[in-house]
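The structure under discussion appears below in the form of structure tokens.
The chains referred to below are lettered A, B, ... by the order of the sequence lines, with proteins before strands, and numbering in each begins at 1. Values in this document were obtained by computation on a predicted structure and should not be read as measured data.
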Number of protein chains: 2
Amino acid sequence: MKKITIGDAARQSGVKVPTIRYYESIGLLAAPSRSEGNQRSYEVSDIRRLAFVRHARELGFEVDAIRALLTLQDDPHQSCASADAIAKARLIEVEQRIRSLTALKAELETMVEGCCHGRVDQCRVIEILADHGQCMHDHH
Amino acid sequence: MKKITIGDAARQSGVKVPTIRYYESIGLLAAPSRSEGNQRSYEVSDIRRLAFVRHARELGFEVDAIRALLTLQDDPHQSCASADAIAKARLIEVEQRIRSLTALKAELETMVEGCCHGRVDQCRVIEILADHGQCMHDHH
DNA sequence: TCTTGCACCTCTAGTGACTAGAGGATGTAG
DNA sequence: CTACATCCTCTAGTCACTAGAGGTGCAAGA
């Protein structure tokens, strides 16, 4: 067995070194074996697990959701209904978030277009922020 | 002058009571005068300022950006170029965020569609998360 | 007048998901 | 053998709040 240091694990998985230690501390990754000199020594399966976590984090899953997904992954004979439910819930969140960001974008565009490029007292950026009544969008 | 309690200020501005005290502590809102019994007493202008902050926060501006906008608002004779720049920067952020969330949405849809509703070892939700190489979108 | 009960006060600590830094040990290349 | 990178643990900081403890102020009903 070749030993994978935490630095190599970080490079291969794309998860930063302190973050790997953090994941270990919150129980997302099992504590690996140690070398003579007390340095962490990872297996290839740990790298895969880290890559899984990283990808899920990039997709915006919370650590608790990832923990649930990892539990499923560890026991591949159970039903995937939970994984499906987690992904679906996240999809709904994402759709909602896109809707509200799109409304927000329109509002920011109005602000920027309305900027007179002159003095603050004629500027719609400040004006729109100051008066929520001018906000037509129900992004909030 | 009628005195506005912190509770009324919260109701009128939509900013929660502890959040108002927090904003005071970080210098976003000046410390108001106090009643005999040491209770905060706000002016109408404070309510407006709080509503301004709330709206800007809802639009996703960070507290530091809001601090800059408030400084501009306090001196309406200066150029609005800074306000414009802050709003434009936020607009770019929002557009970027929408793009990456849209890519993410597509990926989540692939996951959910690919779910066999059977066992985990045939489930694309887990599979796609486990293998980032299957992710075609450069949302990250 | 008393009491009930809500709203207010300050202060500390917790949240999520890390990130930064101190201070020291280990491992490797020249 | 000596640099120097990498590793170790531990604590504290980030952001924008939120929660809770423990105590005070105040207005209305009995």
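Straight-line distance from the CZ atom of B:Arg54 to the P atom of D:dA16: 17 Å, rounded to whole Å. A straight line from CZ of B:Arg34 to C1' of D:dC26 spans 16 Å, rounded to a whole angstrom. Rounded to whole Å, atom P of D:dA16 lies 15 Å from atom CD of B:Glu58. Counting to the nearest Å, the P atom of D:dT6 and the NZ atom of A:Lys16 are 16 Å from each other. Rounded to an integer number of Å, the gap from B:Ile20 CD1 to D:dT18 P is 12 Å. Rounded to whole Å, the distance from CZ on B:Phe61 to P on D:dC15 is 18 Å.
For the pair B:Tyr23 and D:dA16, the criterion of a side-chain N or O lying under 4.0 Å from OP1 or OP2 is not met. For the OP1/OP2 pair of D:dC7 and a distance below 4.0 Å, the side-chain nitrogens and oxygens of A:Ser35 include no atom meeting the criterion. OP1 or OP2 of D:dC8 sits under 4.0 Å from a side-chain N or O of A:Arg40.
No more than 12 heavy atoms of other residues, nucleotides or ligands sit less than 6.0 Å from atom CD of A:Glu62.
The residues B:Asp64 and B:Arg67 are annotated as salt-bridged, a charged nitrogen and a carboxylate oxygen being separated by less than 4.0 angstrom. With respect to the salt-bridge test (charged N to carboxylate O, under 4.0 angstrom), the residues B:Asp46 and B:Arg49 do not qualify. Note on B:Arg90 versus B:Glu93: salt bridge recorded, some NZ/NE/NH1/NH2 to OD/OE distance being below 4.0 Å.
Between A:Ser41 and A:Pro32 the shortest heavy-atom distance is O-CB, 3.4 Å.
For the pair B:Thr5 and A:Pro18, both in contact range of DNA chain C, the more 5′-proximal nearest nucleotide belongs to B:Thr5. Comparing A:Arg21 and B:Val63, the nucleotide of DNA chain D nearest to each residue sits closer to the 5' end for A:Arg21. Both B:Arg57 and A:Asp8 lie near DNA chain D, and the one whose nearest nucleotide falls closer to the 5' end is A:Asp8.
Taking every nucleotide of DNA chain C with any atom under 4.0 Å from a non-hydrogen atom of chain B, the first and last of them, 5' to 3', are C:dC8 to C:dT10.
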Exercise for the section: For side chain to side chain contact (heavy atoms under 4.5 Å, CB included), just list the numbers for B:Glu43 and B:Ile4, CA-CA rounded to whole Å, side-chain angles, deciding distance to a tenth of an Å, and then say yes or no. Expected result: CA-CA 7 Å; B:Glu43 311 289 322; B:Ile4 304 174; 5.9 Å; no

Exercise for the section: Show the numbers, then the answer: is there a side chain to side chain contact (heavy atoms under 4.5 Å, CB included) between B:Tyr42 and B:Leu29? Expected result: CA-CA 11 Å; B:Tyr42 292 94; B:Leu29 190 70; 3.9 Å; yes

